[in-house]
Structures are given as structure tokens and as C-alpha cells.
Amino acid sequence: MWDRLAASDPGLLRLTAGLRTVTAIALTLAVLAALRVPVSQLVAGAMAAMVATFAIRETQRSQQAVTLALGLPVALASVSLGALLNQRVVVGDLFFVALIFCAVYGRRFGDRGTALGLIGFQVYFLSLFVHATTATLPTLYGVLCVAFVSSAAARFVLLPETPAGTLDRLRRAFRARLAQLIAVQAELLDAGPDGVEKVLEDLRTATARLHETALMIQGRLEDGTSDAAVARLLQRRIADAEIASERLGLLLLTARSAERTDTLTLHLPGAPLPLGGEQPVRDEATEALRRDLQALRVLMLRPLGEARGTALAQVRNRLLGYREEENLPKASPAVQDVFRGLGEAARAALGLRLALDGPQDESDDTPATARSREELDAEDAAIEAGEESEAEEAEQTGLRRPTTRAAVQVAVGSALAIVGGELLSSQRWYWAVLTCWIVFLNTASTGEILVKGYRRLLGTVLGVVAGIGLAGLVGHHTWTAFALVLVFIFAMFYTAPLSYTLMSFFVTAMLGLLYTLLNTYSLSVLVLRVEETALGAACGVIAAAVVLPIHTDRRTNDLLVEVLNRLADVTRAAVDQLSGGAGDDLVEQARDLDQALADLRAATEPLTHPIAPLRARRDTARYVVALLETCAYHGRSLAATAELLPTHPSIAADPRLRGACARIVHNIEAISAHVADSRATAEIERGPSIASMLEPGTLRTPRYGRVTDRVLRHLQRLDEGVSGLARPLGITTGAAQAKR
């Protein structure tokens, strides 16, 4: 059960965020209750503690402490201005718009600027919610101080979080998700023709979740490890395990189908297995395969303390033995390929265990296991030796978000929301402003804002229904209502990364309870909440569409160009190294490619959302993203193989590979040029199939043939994927022939 929890919530980030926020609020309520403050001040304290806790996003504890300390004077100033301007409608509204602009503009200063802007906005909103006045300011100052101290106690004392601890939990989640993926792969062996499509969909989901966890780990390596060399080693081992497991899934799909499975099958939702899959085979080889898949899963899950013993050592040795041709069982070539994939996955598991748990007992090693250890040791040494020369390159920074544009858009949208909200209700107009503010958070295009506004409205409507029922049940039982508020706050933070609709539901249900506590609850108030939410979402969409707009097409095109450029860089650098060129930081380049692809996938969500009216466009977007994921997989595989070149005697550089890569890189750059500028003249080149280079007399040699074959297959699939992008993107194909 713990493994399932670790896999469903990588790093326990959602659980920790929810518990920390609830703890901070509970501490605040306990202290304020002991001081016998009125219920309205209890509500203010709970809201302030929540804001002070969730606003801070830095990873280092020292940075968190500084931001929290700076946040208190910001909160005191904000609540003071709210109380002073509460009765001055025009001046107060103008200041609120200016505050919103500054809060959003502050994002350009990183996590601290974002946190301070969020605290300033939310505390000003809090002053409006509890109707703060100059007479209540001294009490509110004390409430805010208690809330911030409670937040600090929850963060640094009761539920401390360190980058190293978070990274350790993420690594545990990676193991758990890797084990889940292997379990689904085992199910694929036994699935009949009627059930294979469901298992295939589960396989896609498990593969995507593993990739998501790998990206999360890579994003926290620098802060969570002792030095850069350790971070790079972990990054390499995580990448190896991910690639080996994904390749094992593809080999299993091929073994279950009547022909070699296209990589796209693993990435395109709804894509069927070729010929629907064959009946599961029951012979000695496949029975051994079922047994060994379960053994690999056990090895992945066992922590270091439980991974000792002769039995497990024998299992590990048997799996690693499949890397030797003489140990492969008698079976069809496709099934033998699966056993080879098992051997490579076992090697990746050994490397991952060495990187995560340190040295192990080697007394039971077979020659195959000893060879794998030697290879891993050689790779570790090469990584450490190359770390100093790469240190300067690690200082690169990413592009800043266009915060000025977003600040102007939010300010205009908020001004519209204030005017419309005042017409709906002079008392609770601020709900429209809050919705307008929220729909702009973590969005960058009109389509994203539209989808987020729709989800918030849906969650609000459902929350109103729940709020009506809860208000009737709770009545005026103050502490019962506060207990339910804590439950809903935890649920809000736990579900936020999964479903914005669910988060909005819990927020609205919680507000129904808060209104009950403030003796301002009524059905008309909750209905007004829905109206203000719809108005705020509409104002946000209007502002995004009219004021300095970034249309979804433009944003997806920009991100598509970025993905293609990253793909070209990885492919060029990997093949150059495989051809005998100088080494490069291929793992880091592959990670940049994955991150760019993740950004593109998020940006295309408005196009692929069920409410999107253009179905053909939705299918095209899904197809393009799936093709890019396929290309990224082959790019990562090429990079991983190239990184092995300096340390593995079984892999030799071949300068002729550079010629096989030339057409691919040209086509990627041609597509990128067309996406960036429709008037570009570059054309897609066609030529002899790269697979033809596998024929005898070309690149095949007795010693290095299998590795070269694998490289060429990745290049062939990459060539097919890149060429496949031309049709949905409307790019013409030239008659030029690529040089071999």
C-alpha cells in the first residue's frame, strides 16, 4: 500500500503540502481559540495561515525562511490598506487593480517574487472577505502574526521538508512506478485478443507516469544531492532505467503482435496493436518470461536491507545472464529479443540500485554480473572525470516568462471583473476578481485560460450543491465546521495537481462552511458565488483574447519549434558521438527535450480537451504530440547508447552513421522552419530507407553488428516519425534524395 501511495503521489508532494497547510491552520486556530478571539478573526487566521503556507515554493529551507519573514510585513501592509480603503470604493478599486498588476509582475523575480505577490493579493482579499476596518486592525495584526508563526512551525518543526528528503521519496516513487510498469507488461503476456487493448492503454498510462516521475526527479537533483557528480550519476541511472523499461514494453508488444510494432503504438491514445494481438502463447520460453518479469519487479521494489541473500542474487544473475547470447532460451526471434530486453532492464536496475543504495555484496556474482558491474563502474568513472569540464555549462538559465504581458492582461481583466462584480453585488464583487486572478495563474494562452475558467465554473457549481447540504447539516456547530474546513483544505491541496475541477469543488464547499461560521450563509449567497465565478472567468478570457493576446496556435507553434530544435540537437550530438566525434552532455540535452515536450503537451490541452469543438484539430494535435513522443524516445535511446561508447568495448564508433543522420536533422530543421514561418522554402527530403543499411556489406560487422543494428533501427524509426510530422503540419515533400 505504501508503494502504491508513493507511486500515485511522487515524492508525497501532494500529501505533504496538504498536511503542512492543515497543520498550520490547526495551530493557528488552537492559539486563537485559547485567546478567545471572535469567529470572524478565527476565519481570518485560518485563511492567512493557508496563504502563508502554500505561497512559498522554494526548495531550500533558508530561502523559505527569508520569504516567510518578508511575507509578514507584506501581509500587514496589505491588510492595513484593505481596511483603510474598504469604504472608499473608487480609490480602493484602483488600488486593488494596481496591486494585482504588481503581484503578477513580481513573478519575473522568481519564486520569492511570486510568493510575496500572492501573499499581498490574498491578504488584501482576506480583508475584504472579513470586512476589516481600522478598529479591527490591531486584532488582525495579531492574527496575522500568529498565522505566520504557526506556518513556520508547521514547515520547519512539525513537518520539515528538505530537498534531500523530497528527492529520496521521489526515487522511491520512481521504483514503485517502474514496478507498476513491469506488472502491466507481465499482464500483456496473458491478455487475450479481447483484453489486449485495455492492457495496452494501461501500458501507455504506466509509461507516461514513469516518465513524469523521472522529470520530477531530474528537476530536483541539483538541490537534493551532495554535489554535481552525484546528481549527474543519478540522472544517468534514472534515464537508463526509463529507456530500458520502455524498450522492454515495445519488445513485448512486438512479441504479442504479428509484425514489428511501431513505436507510435505506445504513445498514441487509441492506436491498436497490429492485427489486434495474437493469442497468448503457453510454452517453456514464455513461462520463463512471465517468471522473470515478476522477478525483475521484485528486484525493483526491494529496498537495500531486503535485497540481500543468495536467492535474490541468483535471480539477479539469471536476469543479467540474458545479456549473453548463449544464455538465451530457444524461442522465436521476437521472444528472444524480449529476453535481451530483460537483461538490459536488469542491468539498468543494478545501476539504479548502486546509485541509490551504494556498494553491495559481490560474493555471489556470476561472470555476466561482474561484467555488468565493471561496465557501470567505468561509466561512473567517466561521469566523474567529465564533471569539471561541464561545470561551466551548468550555469545556463531558461527564458523568463512574459510577466509584463500577463500583468497587463490580469489588470484589465480584474478591472472588468470589478465593474461587473459591483453590478452583481456591491458586497461580494471580489469573488469575480479572485476568479479572474486564478484563471491566469500558470496559464499562457487564451485557450488555457478558457479551459481553466470552464473547470473552475464546473467545480464551483458542484461545490455550491455540496455547500448547501453541508451548511444545513453543520448549522452553527463552530468546531465541527472548522474540522470539515480542514478536511476540505487538505483535499483541495491533494487533488490540485490532478484535477482543477475537484480543487474548485472543495474550495467552494469550504467557503459555504466559512459563510456559515460568519453567519452570512444563504442560498442566494452561494448562487451569487456561481454568478461571480462565471463573470470572473469571462472577464479573464476577454482580457486574454483582446489585450496583447497569445493565441493557443501561436503558443503551441512556439513550443513545437522548441521541441524540434531540442530533438535536432540531441540527434545530431548523439550520432556525432557514435560516429567518433567529441563527447557532449547528452543526458542533459535529452532532459531538455523531455521538458520542452512536457510544456508542449500541457499547451495543447485546450486543443485536445473534450469541450474542444474542432474534432479534426483535436485528433491532429494528439497525433503530432504522439509522434513527437515517439521521436523523443528514439532520441533518448540514441543519447543513452552514445553515452556508453567511451566505456564499453562492445560498442564501436562508426563514422558512416553520420551520413544516416544528415537527412533526419535536415528534415527536423525544415519542419521547424515551416512552423516558425509558413513562407519558409525548405522541403522534406526523401531517400533510401535507413533500414537498408542493415543489409550485409554495409554497416554490419561480426563484433559490433547488434549495437549498430539497434542504432540504425532507432534512426530508422526517428526518420519515419519526423517524415510523418510533415503531413499533419501541411509541409510539402521534396524529391531530394538523402545521401547515405
Side-chain angles (χ1 to χ4, degrees), residues 262-264 556-586 589-590 592-594 596-597 600 623-642 653-695 698-699 708-740:
D262 194 312
T263 319
L264 185 62
T556 53
N557 283 349
D558 291 343
L559 292 174
L560 178 56
V561 169
E562 178 69 13
V563 172
L564 290 170
N565 291 340
R566 297 289 186 186
L567 179 62
D569 292 341
V570 170
T571 305
R572 185 188 297 107
V575 175
D576 183 65
Q577 189 164 327
L578 286 166
S579 302
D584 204 350
D585 190 356
L586 295 175
Q589 289 188 15
D592 292 340
L593 168 61
D594 289 338
L597 186 54
L600 175 64
Y623 183 69
V624 168
V625 171
L627 273 176
L628 288 170
E629 288 176 340
T630 292
C631 293
Y633 162 72
H634 292 294
R636 289 196 304 270
S637 299
L638 288 170
T641 305
D654 194 321
R656 287 170 290 185
L657 287 172
R658 191 176 284 112
C661 175
R663 183 176 72 226
I664 299 174
V665 173
H666 167 81
N667 288 344
I668 295 173
E669 292 174 342
I671 294 173
S672 176
H674 273 280
V675 173
D677 183 1
S678 59
R679 297 168 295 181
T681 58
E683 294 183 331
I684 302 297
E685 291 185 356
R686 299 288 190 187
S689 170
I690 293 178
S692 64
M693 302 182 74
L694 296 172
E695 297 173 358
T698 54
L699 296 184
T708 303
D709 287 358
R710 185 186 301 180
V711 169
L712 286 173
R713 288 193 182 97
H714 284 307
L715 286 173
Q716 173 66 22
R717 295 297 191 188
L718 185 57
D719 185 37
E720 293 170 354
V722 171
S723 299
L725 285 169
R727 182 181 58 80
L729 295 176
I731 300 171
T732 59
T733 302
Q737 300 294 309
K739 295 181 180 180
R740 295 180 64 178

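Atoms considered below: every heavy atom in the structure, side chains included; atoms not considered: hydrogens, waters and symmetry mates. One is the number of the first residue; the rest follow in order along the sequence.
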Option among D569, L628, L567 that satisfies the side chain to side chain contact (heavy atoms under 4.5 Å, CB included) test with L593:
L567

Pairwise distance CZ(R713) to NE2(H634) - rounded to 0.5 angstrom
12.0 Å

Between L586 and A574, what is the shortest heavy-atom contact and its length?
CD2-N, 3.7 Å

Quick check: closest heavy atoms across G635 and V570, and the distance to 0.1 Å?
O-CG1, 3.5 Å

Any side-chain heavy-atom pair of R572 and E669 under 4.5 Å
yes

Is the shortest heavy-atom distance from the side chain of H714 to the side chain of L718 under 4.5 Å?
no

Out of curiosity, L600 CG to E562 CD, how far, rounded to the nearest 0.5 Å?
10.5 Å

Treating S723 as the side-chain partner and D719 as the backbone partner, does any N or O pair qualify as donor plus acceptor under 3.5 Å?
yes

Shortest non-hydrogen separation from A632 to D594 and the atoms involved
CB-OD1, 4.4 Å

Which atom names give the shortest non-hydrogen contact between G724 and Y623, and what distance separates them?
O-CE2, 4.3 Å

Nearest 0.5 angstrom please: L597 CG to L564 CG, how far?
10.0 Å

Does any part of the side chain of V722, heavy atoms only, come nearer than 4.5 Å to the side chain of T571, both counted from C-beta?
no

As an exercise, state the distance from CD of Q577 to CG of L638, rounded to the nearest 0.5 Å.
11.5 Å

CD1-CG distance between I671 and N565, expressed to the nearest 0.5 angstrom
11.5 Å

Considering all heavy atoms of both residues, which atom of A670 and which atom of I684 are nearest to each other, and what is their separation?
CB-CD1, 4.1 Å

Listed by chain and number, what are the salt bridge (Lys or Arg N to Asp or Glu O under 4.0 Å) partners of D558, not counting sequence neighbours?
none

Non-neighbouring partners of N667 that pass side-chain hydrogen bond (donor to acceptor under 3.5 Å, both in side chains), sequence neighbours left out:
none

First locate atom CG of L715, then atom CD of E720, and finally report the distance between them rounded to the nearest 0.5 Å.
11.0 Å

Does L729 reach the side chain of V675, with side-chain heavy atoms less than 4.5 Å apart?
yes

Nearest atoms (heavy-atom pairs only) where V575 meets C661:
CG1-CB, 3.4 Å

